[in-house]
Amino acid sequence: MGQIYDAFHRRSIDDRDGFWSEQAQLIDWHRPWDQVLDYSRPPFARWFVGGETNLCHNAVDRHLAARGEQAALVYISTETGIESTLTYRELHAEVNRCAAMMLSLGVARGERVLLYMPMIPEAVVAMLACARIGAIHSVVFGGFASHSLATRIDDAAPKLIISADAGMRAGKVVRYKPLLDEAIALANAKSARVLLVNRGLDPEFITVPGRDIDWQTLRQQHLDAHVPVAWLESNTPSYILYTSGTTGKPKGVQRDVGGYAVALAASMKHIFCGHAGETMFTTSDIGWVVGHSYIVYAPLIAGMTTVLYEGTPIRPDPGIWWDIVERHRVTVMFSAPTAIRVLRKSDESFITGHDRSSLRHLFLAGEPLDQPTHRWIAGVLGKPVIDHYWQTETGWPMLTSAPGVEQTPIKFGSPSFPAYGYDLRLLRETDATDAGPDEKAVVVVVPPLPPGCLSTVWGDDARFVSTYFSTFRDRLVYASFDWGMRDTDGYYTILGRTDDVINVAGHRLGTREIEEAVQGHAAVAEVAVVGVADALKGQMPLAFAVVKDPARIATAEGRASLEKEVMATVDAQLGAIGRPSRVHFVSMLPKTRSGKLLRRSIQALAEGRDPGDLTTLEDPTALDQIRGAVDEK
Ligand code: ATP
Ligand code: MG
């Protein structure tokens with residue numbers, strides 16, 4: 001850890017009040033806070049108590065004077081071919097209209113508005129409109145089907161649901177409305193009104209009279225609307241967002257107003273180095289936390305232009321994102337390792353053929369970034385690539401390098417150090433004592449959690465405590481449910497989920513370690529390793545790999561020889577103890593819609609069990625391949 005950053009981090013823990021009251025100057029307050037932190041009821045932390053502010057004011061209104069004519073939102077859809085721009089002034093007008101529309105439908109402060117929307121500007125406008133009037137948004141990823149949607153509708157009990165006729169993915173229309181109708185029928189939300197953006201994508205689009213309202217028609221009635229900002233006490237809920245559901249039943253993360261705004265503003269300065277007037281391109285979806293924080297709120301709070309992209313990384317060709325970087329002079333880019341691994345399968349010239357001189361950093365998060373991929377993308381881009389680690393629960397990075405504070409060297413495969421504000425520790429699972437260097441341990445945060453993190457689980461304080469703060473009997477800590485390790489230079493590595501450990505004859509190996517070793521073979525593009533019950537050894541690792549060149553596995557001999565080579569690579573890098581019992585080759589791995597490997601389902605299939613809840617699965621045929629591979633002896 002660099003000396004400057006070390007001092008910065010230490011102060012954020014030793015002098016929380018001083019540190020965060022300084023960061024809080026980065027946003028506008030309508031009324032100053034009485035107390036920086038109220039931690040009288042651990043583990044519940046309340047930030048900027050008594051202060052009044054508003055997310056929409058900070059993201060939109062306060063920029064009008066200096067940058068009203070600057071682009072706030074650049075919308076690019078490679079699915080429909082539409083590109084459009086809203087300046088801050090235009091965004092302000094649209095948000096006011098939408099806020100008036102919501103008020104006309106009876107949405108009051110503190111009531112929930114559920115968004116089930118594709119990546120269109122109306123989705124961002126609706127989020128900001130909720131923030132403006134103090135309604136609580138709950139954005140549900142547009143790729144979810146009716147059952148997942150219904151459970152989220154029931155949990156949030158929305159007054160209003162906003163949706164659209166359809167989304168589009170890889171050139172195909174995905175009809176939203178029938179799924180929504182089915183979800184409403186399944187849920188106890190019979191009284192909610194439904195506001196619909198008709199994109200004209202679905203010829204069979206039908207509305208329910210008396211319940212469904214057309215966005216455009218209602219908007220026409222509020223063209224000149226001015227809706228004053230609702231000043232909210234800092235700890236008022238701003239939104240609910242469910243975790244990705246990789247490990248089980250999703251948890252409804254509840255976020256506040258003031259702490260979140262301060263945390264995001266500070267992260268733009270110290271971590272992402274994004275300044276007013278520059279452009280940020282985050283390739284996530286508004287249905288995920290990355291979209292909430294780094295497509296919508298943070299770049300706008302910082303007075304930047306944000307890019308909203310509907311499409312895949314490889315259509316019309318794998319150069320599309322770099323074309324956007326070039327044309328829009330993107331300064332800060334944020335994506336996920338899974339996307340980079342997809343791009344790695346294509347020619348580098350798709351990237352190098354574009355001017356990337358505007359780009360300062362590429363940030364990657366969401367899942368482990370393996371060393372080879374990290375090294376590859378950094379080399380091809382010629383720019384620093386920053387791996388950073390966080391969760392839906394925290395809202396902003398927990399482990400990262402903070403180049404806005406100090407430019408510390410990057411180690412490939414490591415998300416660097418604990419972010420300021422987090423008293424992050426590695427604890428031994430057995431007795432909750434602090435682990436030493438190079439010792440695998442559980443990643444925890446000593447509370448209070450910094451501003452921006454979840455305030456509680458929506459409607460369930462008891463679940464907040466029992467889920468996140470009950471790992472150790474004698475030590476109150478926030479559990480990340482991830483394994484980590486710190487090297488002698490203080491750099492961290494995330495080794496996988498705590499429920500992803502493989503126990504081979506008493507040796508505990510993280511799936512991540514074995515995956516890194518498999519990926520050490522140059523022919524491998526992607527891999528998933530799971531532990532499978534074994535009568536002799538307890539568990540054995542089993543690998544499913546995607547190769548860069550399918551020709552290598554076209555024949556049985558080719559597969560067999562590559563399997564041997566991969567095993568030899570693991571032997572050399574990790575030792576025979578980590579060698580997978582088999583390496584199966586597939587063309588695709590089962591992933592959640594946010595790009596995370598569904599290891600629990602792979603493992604279940606490999607052990608001949610039911611794969612469980614698959615609603616978050618991106619492409620069901622990927623599981624069929626796993627099934628096929630397991631069955632073939
Ligand atoms: P659920 O909690 O419902 O099972 P989830 O944990 O997948 O879902 P998210 O909050 O979207 O939901 O994901 C956070 C998790 O993603 C982290 O806990 C970690 O396991 C993984 N992750 C995120 N960033 C990184 C990273 N840079 N390196 C390694 N793992 C990461
Ligand atoms: Mg999680």
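Every number for a ligand or one of its atoms is a count from 1 in the order of the listing. By convention here, the first residue in the shown sequence is residue 1.
Residue contacts with ligand 1: Leu369 is placed with no nitrogen or oxygen under 3.5 Å of a nitrogen or oxygen of the ligand (distance criterion only).
Contacts between Thr392 and ligand 1 below 4.0 angstrom, taking non-hydrogen atoms only, involve backbone and side chain alike. Under 4.0 angstrom from ligand 1, the non-hydrogen atoms of Lys251 all belong to its side chain. Neither the backbone nor the side chain of Pro415 comes within 4.0 Å of ligand 1, counting heavy atoms alone. The side chain of Asp387, and not its backbone, has at least one atom closer than 4.0 Å to an atom of ligand 1 (non-hydrogen atoms only; side chain from C-beta on).
Set against the non-hydrogen atoms of Ile494, the atoms of ligand 1 under 4.0 Å away are 29 (C), 30 (N). Close approach to Asp482 involves these atoms of ligand 1, each under 4.0 Å from a residue heavy atom: 17 (C), 18 (O), 19 (C), 20 (O). Within ligand 1, the atoms closer than 4.0 Å to a non-hydrogen atom of Trp390 are 14 (C), 17 (C), 23 (C), 24 (N), numbered from 1 in the order shown.
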Expected list for residues 452-461: side-chain donor-acceptor pairs under 3.5 angstrom, two or more places apart:
unit_1, atom_1, unit_2, atom_2, d
Ser455, OG, Gln254, O, 3.4
Thr456, OG1, Asp461, OD1, 2.7
Trp458, NE1, Asp155, O, 3.1
Asp460, OD1, Arg463, N, 3.1

What donor-acceptor contacts under 3.5 angstrom involve side-chain atoms of residues 361-370, with partners at least two apart or in another chain?
unit_1, atom_1, unit_2, atom_2, d
Glu367, OE1, Arg341, NH2, 2.9
Glu367, OE2, Thr338, N, 2.8
Asp370, OD1, Arg341, NH1, 2.6
Asp370, OD1, Thr373, OG1, 3.0
Asp370, OD2, Thr373, N, 3.0
Asp370, OD2, Thr373, OG1, 2.8

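No cation-pi contact links Arg486 to Tyr491, judged by a cut-off of 6.0 Å to the six-membered ring centre and 45° from its axis. The cationic group of Arg152 lies under 6.0 Å from the six-membered ring centre of Tyr242 and within 45° of the ring axis, placing it in a cation-pi geometry.
Ligand 1 is never approached by Arg512 to a heavy-atom distance shorter than 4.0 Å.
In the candidate list Glu393, Arg497, Lys596, Arg497 is nearest to atom 6 (O) of ligand 1, counting heavy atoms. Of the listed residues (Arg600, Gln391, Glu367), the one carrying the non-hydrogen atom nearest atom 26 (C) of ligand 1 is Glu367.
To the nearest 0.5 Å, atom CG of residue Asp387 and atom OH of residue Tyr492 are 14.5 Å apart.
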Determine whether His9 and Phe417 satisfy the following criterion, ring pair (Phe, Tyr, Trp, His ring centres under 6.0 Å), listing intermediate values before the conclusion.
CA-CA 10 Å; His9 181 269; Phe417 328 112; 9.3 Å; no
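Crowding of Arg169 atom CZ: a count of heavy atoms from other residues, nucleotides or ligands under 6.0 Å not exceeding 12.
Results of the side chain to side chain contact (heavy atoms under 4.5 Å, CB included) test with Glu526 over Glu515, Lys548, Arg344, Lys345 single out Lys345 as the only residue that passes.
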